[in-house]
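Throughout, a chain's letter reflects where its sequence line sits, starting with A, and its residues are numbered from 1. Remember, predicted model here, so these are calculated numbers, not experimental data.
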4 protein chains.
Amino acid sequence: MKRIGVLTSGGDAPGMNACLRAIVRTASVKGLEVYGVLQGFKGLTEGRFQPMHLRSVSGIMHLGGTILKSSRYPRFLTAEARSEAAQKIREAGLDGLIAIGGNGTSTGAYHLWREHAIPILVCASTIDNDLYGTDFTIGFDTAVTTAVEAIDRIKDVAAAHDLIFFVEVMGRHRGFLALYAGLAGGCEEILLPEEPTDYDALSQRLMDGRRRGKTSSIVVVAEGDVPGGAFTVAEEVRKRTGLAVRVTVLGHIQRGGTPTPRDRILASRLGNAAVDFLIAGEQGKLVGEIKREIVLTPLKEAIERHKDIDQDLYQLSYLLSQ
Amino acid sequence: MKRIGVLTSGGDAPGMNACLRAIVRTASVKGLEVYGVLQGFKGLTEGRFQPMHLRSVSGIMHLGGTILKSSRYPRFLTAEARSEAAQKIREAGLDGLIAIGGNGTSTGAYHLWREHAIPILVCASTIDNDLYGTDFTIGFDTAVTTAVEAIDRIKDVAAAHDLIFFVEVMGRHRGFLALYAGLAGGCEEILLPEEPTDYDALSQRLMDGRRRGKTSSIVVVAEGDVPGGAFTVAEEVRKRTGLAVRVTVLGHIQRGGTPTPRDRILASRLGNAAVDFLIAGEQGKLVGEIKREIVLTPLKEAIERHKDIDQDLYQLSYLLSQ
Amino acid sequence: MKRIGVLTSGGDAPGMNACLRAIVRTASVKGLEVYGVLQGFKGLTEGRFQPMHLRSVSGIMHLGGTILKSSRYPRFLTAEARSEAAQKIREAGLDGLIAIGGNGTSTGAYHLWREHAIPILVCASTIDNDLYGTDFTIGFDTAVTTAVEAIDRIKDVAAAHDLIFFVEVMGRHRGFLALYAGLAGGCEEILLPEEPTDYDALSQRLMDGRRRGKTSSIVVVAEGDVPGGAFTVAEEVRKRTGLAVRVTVLGHIQRGGTPTPRDRILASRLGNAAVDFLIAGEQGKLVGEIKREIVLTPLKEAIERHKDIDQDLYQLSYLLSQ
Amino acid sequence: MKRIGVLTSGGDAPGMNACLRAIVRTASVKGLEVYGVLQGFKGLTEGRFQPMHLRSVSGIMHLGGTILKSSRYPRFLTAEARSEAAQKIREAGLDGLIAIGGNGTSTGAYHLWREHAIPILVCASTIDNDLYGTDFTIGFDTAVTTAVEAIDRIKDVAAAHDLIFFVEVMGRHRGFLALYAGLAGGCEEILLPEEPTDYDALSQRLMDGRRRGKTSSIVVVAEGDVPGGAFTVAEEVRKRTGLAVRVTVLGHIQRGGTPTPRDRILASRLGNAAVDFLIAGEQGKLVGEIKREIVLTPLKEAIERHKDIDQDLYQLSYLLSQ
């Protein structure tokens with residue numbers, strides 16, 4: 001193995017640059033040439049490669065976003081696009097590829113590997129944490145931190161006005177972000193796609209909280225909990241309780257910002273390990289961290305299996321927000 | 001003057017607690033008794049008073065929200081509610097009242113003063129900065145800071161994906177927050193209620209920016225710019241340009257959080273001055289700061305006159321975001 | 001078990017309040033009475049108890065410090081002080097005690113338990129992370145985050161001036177904070193008490209970095225690395241290299257501030273578990289988290305055994321800062 | 001005027017990049033060529049120039065430090081060095097020069113202008129705010145913000161342990177930073193070079209505070225208040241009171257970090273105005289802002305006259321920290 005490529009793909013996540021830095025520096029120290037691929041799978045298909053060296057990744061550790069830029073590129077779901085990518089990879093003489101991304105990235109990488117026998121590994125990175133094969137994904141801790149900072153601010157407002165706030169966080173299919181942000185934010189209710197939403201029971205609990213002396217409450221709602229998200233939930237509660245409600249949708253601020261130390265360290269570990277594994281002949285696998293150990297999971301498994309939400313934390317959040 | 005009351009009213013703003021601290025401590029040092037009124041004009045009408053001392057305001061300088069709680073209380077627009085308030089004030093033996101708030105607060109205070117001859121002053125505080133009689137209101141600098149932090153994060157995402165982002169900030173009637181956040185955030189476009197929004201020209205400028213090499217752009221939209229806010233604008237631009245657009249509505253996070261040093265100092269100055277002015281016999285006036293000097297403005301003028309947007313900053317923002 | 005006490009002791013750490021909240025709420029929900037002990041072991045000896053309820057811990061999750069206050073109280077090393085404490089515990093009718101703290105707290109708790117058979121558990125909390133029986137202590141993640149924020153700022157200055165900065169972080173005996181902050185901060189060198197400091201080799205590496213194109217460098221120094229800390233190291237490097245050096249000692253800012261989500265969640269888990277364990281009859285043990293599972297460790301073991309520094313992260317930091 | 005140069009010099013300050021962006025973009029829009037000078041006066045003497053365009057300053061508004069790098073270059077105090085600089089300026093065909101910096105920069109610029117008739121203006125930028133001819137300098141608001149964040153953290157620790165903290169902030173000759181940080185931080189005492197330090201009176205006031213119920217106190221000490229700074233003061237107070245004291249020196253973190261919105265806007269205004277003034281034929285002057293208006297002050301006056309500390313804020317800080 002003499003030359004490898006690296007790309008970031010899908011929704012960007014804080015820590016992608018830290019992971020890129022680890023990949024470029026580890027590979028350089030081990031004597032490999034590294035090419036950065038611009039704009040993820042789209043750039044791969046178009047052969048947008050640029051050489052990277054030790055100094056190309058100086059001073060990027062703490063930057064949000066990705067200096068390689070990313071893209072959502074549905075065309076990569078077609079065999080045709082992947083053939084073009086494989087062609088470009090061969091032309092550039094790349095002996096392997098490391099992709100940094102989440103579910104969609106893993107799916108694209110899996111098919112590219114299976115169809116074209118390109119040695120490829122994926123470093124688990126998405127703010128949603130919805131990836132089997134790792135306890136946490138790169139970017140998740142930062143997104144939780146951003147959401148909790150927002151919740152802390154909103155608590156000031158809710159407390160000043162005795163209001164019930166519905167705060168929508170990202171998570172179309174999974175509720176990890178809502179769960180962690182809600183627990184750390186000391187929120188009264190956490191509504192997840194994984195759990196049924198019972199408006200009557202929810203309204204009852206909020207009214208009970210009032211009776212116990214709570215003058216304001218925060219309900220965290222995962223984007224994908226119900227159609228319409230936090231707006232729907234707030235309206236249903238308002239109808240049932242007559243309480244004054246407010247809605248805030250955190251939106252894209254959850255994707256940006258400087259990565260937390262935890263994300264930088266996770267990114268550094270996964271990026272470093274990915275290079276070592278690639279050199280050691282591993283391929284078609286996701287690089288993640290489980291119980292603090294670096295773990296490889298076949299990409300097929302990573303994209304097909306379901307990572308369960310932490311039921312203990314979910315129970316705990318309700319117990320502690322009494 | 002032996003005993004005064006203090007209240008916070010309307011939308012809460014970071015720095016209200018710092019202003020309250022200044023009022024309570026200045027009054028205590030000058031030998032006055034101070035009563036805090038809970039929940040603004042609502043609590044005033046209900047006689048919800050509590051004595052405050054030097055130590056009652058310990059450790060609150062850096063807290064967002066307001067420890068006295070606030071309220072929106074439209075009933076105070078009626079003479080009846082104000083009569084009840086005047087009655088409660090007399091019963092409690094208050095010789096004067098200081099209200100911390102914005103436009104609505106000033107309006108309520110003005111009528112209470114005019115009808116019942118209660119010596120009353122208002123400390124200018126609202127995140128919107130839309131109050132005549134002061135260059136800046138308490139809370140504005142913090143709201144700008146929160147909005148700019150959000151814009152900085154969103155820039156990471158916009159840059160990673162070559163997107164155009166429409167970021168909606170608060171400001172139903174006035175665009176101060178949009179203007180300052182947009183200029184400090186280095187945003188390409190700032191859409192204000194004070195300026196007409198021309199979708200064709202806007203779309204053209206965004207396309208021109210692309211041609212000059214800009215790969216991503218941020219458009220700040222004041223809530224009250226057009227009906228539907230940022231969503232409307234984004235859709236109109238998408239139709240005209242075919243560019244990929246994203247919308248984020250910052251919402252209530254702009255009201256909370258620890259106040260900036262600038263807001264804490266402004267709050268301290270205005271609160272301190274209000275007590276001195278009240279003792280000196282001033283009443284029916286807004287306490288503000290103009291060109292770094294403490295200035296009194298009759299409440300009637302403060303609520304009737306219009307503070308112009310900074311045209312020079314508006315021009316500057318366009319020149320610098322080339 | 002009907003009534004328990006809870007205290008925070010030793011150096012305060014962000015997250016202690018979140019842990020306290022978890023203990024009070026869990027205990028209340030399970031039908032226990034809870035007494036807060038003011039000022040740690042000192043207050044325990046003096047019988048400074050106050051009843052706590054569900055609402056006593058409202059709105060404290062995000063606060064740094066500890067609302068119970070803490071103390072360093074060397075007199076608790078004497079059997080006499082512990083006898084007084086045991087006496088006060090019996091007088092107050094406490095059936096158990098949960099202490100939140102680090103090494104010194106665990107030592108005091110161990111002796112109190114051994115000598116007086118008071119059912120006692122300790123929740124692991126110190127910014128130093130130097131406690132056997134848990135992967136991470138409550139407060140460590142926040143301290144790392146604060147240190148990395150400071151390092152990020154200093155990098156701006158170092159880069160603008162082509163300087164070598166020596167940043168001293170807390171850690172008299174152990175280098176966990178230096179290691180994690182240095183790795184996440186992308187620092188060139190990390191000097192730990194656990195590793196010998198060779199000034200010649202260090203100076204050589206810094207000069208080599210210059211030759212490879214690095215224009216500025218950051219050296220993180222654990223307080224206890226060498227006598228004199230960062231000042232000593234900087235002077236030795238200056239003498240050997242002639243390079244311009246600067247020193248910053250981060251100091252007590254590392255102890256304060258709002259806890260990170262990770263610390264809040266860890267604190268919530270440990271506090272909740274401690275109550276359950278106490279009810280289940282466990283005592284004389286440290287409550288920690290290892291590989292994401294809650295784990296009990298006999299206090300004797302916790303205070304006598306040595307937690308090894310993460311050698312893999314130490315190696316990684318050097319590899320990645322090439 | 002066809003071609004101008006721009007440099008950053010002396011201690012770097014957050015907002016220098018925002019000022020540079022304003023200069024480059026304004027000049028480009030007005031049809032001027034712009035050359036960036038690397039490393040301040042040092043690079044000027046060595047002719048280290050690089051052409052800058054609209055896109056050269058993309059995405060730098062929010063970055064701390066300075067992308068042009070800065071330097072402290074005492075040799076520029078010699079006429080010889082300035083002659084070399086003048087020679088390089090003529091060789092590069094620069095018709096004017098804008099320097100971004102503080103006192104030392106203004107001094108160098110003044111002599112260069114006087115001796116060699118180079119049209120030169122200075123944009124006022126230093127974290128110390130010790131420059132006559134402007135209410136505030138670029139970078140001061142950010143430094144105050146950083147210091148207040150640190151003070152907020154330290155308050156957590158002080159409150160948890162009933163300690164007296166001495167926090168040293170930058171300011172070798174002037175106390176602006178100490179004054180603003182101390183007032184905004186709600187500190188009990190502020191020690192400035194401009195005011196005599198009376199250890200007996202200080203100790204007495206701290207003891208009085210205890211008697212009034214204060215359990216912890218923060219004393220802000222400007223670096224240049226007394227020889228030895230905060231360490232000296234703390235020791236003198238400890239000797240007189242026997243109270244437990246702690247010292248923290250904030251150091252270089254005060255120079256770095258992303259600039260506040262206020263600093264970004266000030267920087268944008270001054271940079272923009274400097275270009276316009278240069279085109280209009282102004283030279284040998286400092287560009288500052290007084291009472292919200294852009295103001296020119298002859299450099300001679302700027303470096304010779306003394307800006308007074310805000311006595312009203314100093315009095316206010318003592319009144320409010322009762």
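- Heavy atoms of Ser268(A) lying under 4.5 Å from chain C belong to its backbone as well as its side chain.
- For Asp135(A), the parts lying under 4.5 angstrom from a heavy atom of chain C are both the backbone and the side chain.
- The residue among Gly59(C), Ala184(C), Ala159(C) with the most heavy atom pairs within less than 4.5 Å of chain A is Ala184(C).
- For the pair His62(A)/Lys155(C), no side-chain contact is recorded, criterion being any heavy-atom separation below 4.5 Å from C-beta on.
- Neither the backbone nor the side chain of Asp156(A) comes within less than 4.5 Å of any heavy atom in chain C.
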Where do Ser321(C) and Met61(A) land on the side chain to side chain contact (heavy atoms under 4.5 Å, CB included) test, with the steps shown first? CA-CA 10 Å; Ser321(C) 61; Met61(A) 176 90 136; over 6 Å; no
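- When each of Val144(C), Ile290(C), Asp152(C) is checked for heavy-atom pairs under 4.5 Å with chain A, Asp152(C) comes out on top.
- Val148(A) touches chain C through its side chain: at least one heavy atom from C-beta onward sits under 4.5 Å away, while N, CA, C and O do not.
- Looking only at side-chain heavy atoms (C-beta outward), Thr145(A) and Thr260(C) stay at 4.5 Å or farther from each other.
- Side chains of Leu313(A) and Arg269(C) form a contact here, defined as non-hydrogen atoms less than 4.5 Å apart.
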Would Val57(A) and Gln322(C) satisfy side chain to side chain contact (heavy atoms under 4.5 Å, CB included), going step by step from the backbone distance to the final call? CA-CA 10 Å; Val57(A) 290; Gln322(C) 293 288 316; over 6 Å; no
When you look at Thr26(C) and Leu320(A), which way does the side chain to side chain contact (heavy atoms under 4.5 Å, CB included) test go after all the steps? CA-CA 7 Å; Thr26(C) 303; Leu320(A) 297 188; 3.6 Å; yes
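- The ring-ring contact (aromatic ring centres under 6.0 Å, His included) test applied to Tyr314(A) returns Tyr318(A), not counting sequence neighbours.
- The most heavy-atom pairs under 4.5 Å with chain C, out of Val29(A), Leu316(A), Leu54(A), come from Leu316(A).
- To the nearest 0.5 angstrom, Asn272(C) atom CG is 11.0 Å from Ser317(A) atom OG.
- Remark: Asp162(C) pairs with Gln39(D), Lys69(D) by the side-chain hydrogen bond (donor to acceptor under 3.5 Å, both in side chains) rule, at least two apart or across chains.
- Atoms CG and CZ, from Leu319(C) and Arg25(A) in turn, are 10.0 Å apart once rounded to the nearest 0.5 Å.
- Under the 3.5 Å distance criterion, the side-chain polar atoms of Arg55(C) are left unmatched by any main-chain donor or acceptor of Gly213(A).
- When atom types are taken as modelled, the side chain of Arg264(C) and the backbone of Leu183(A) share no donor-acceptor pair closer than 3.5 angstrom.
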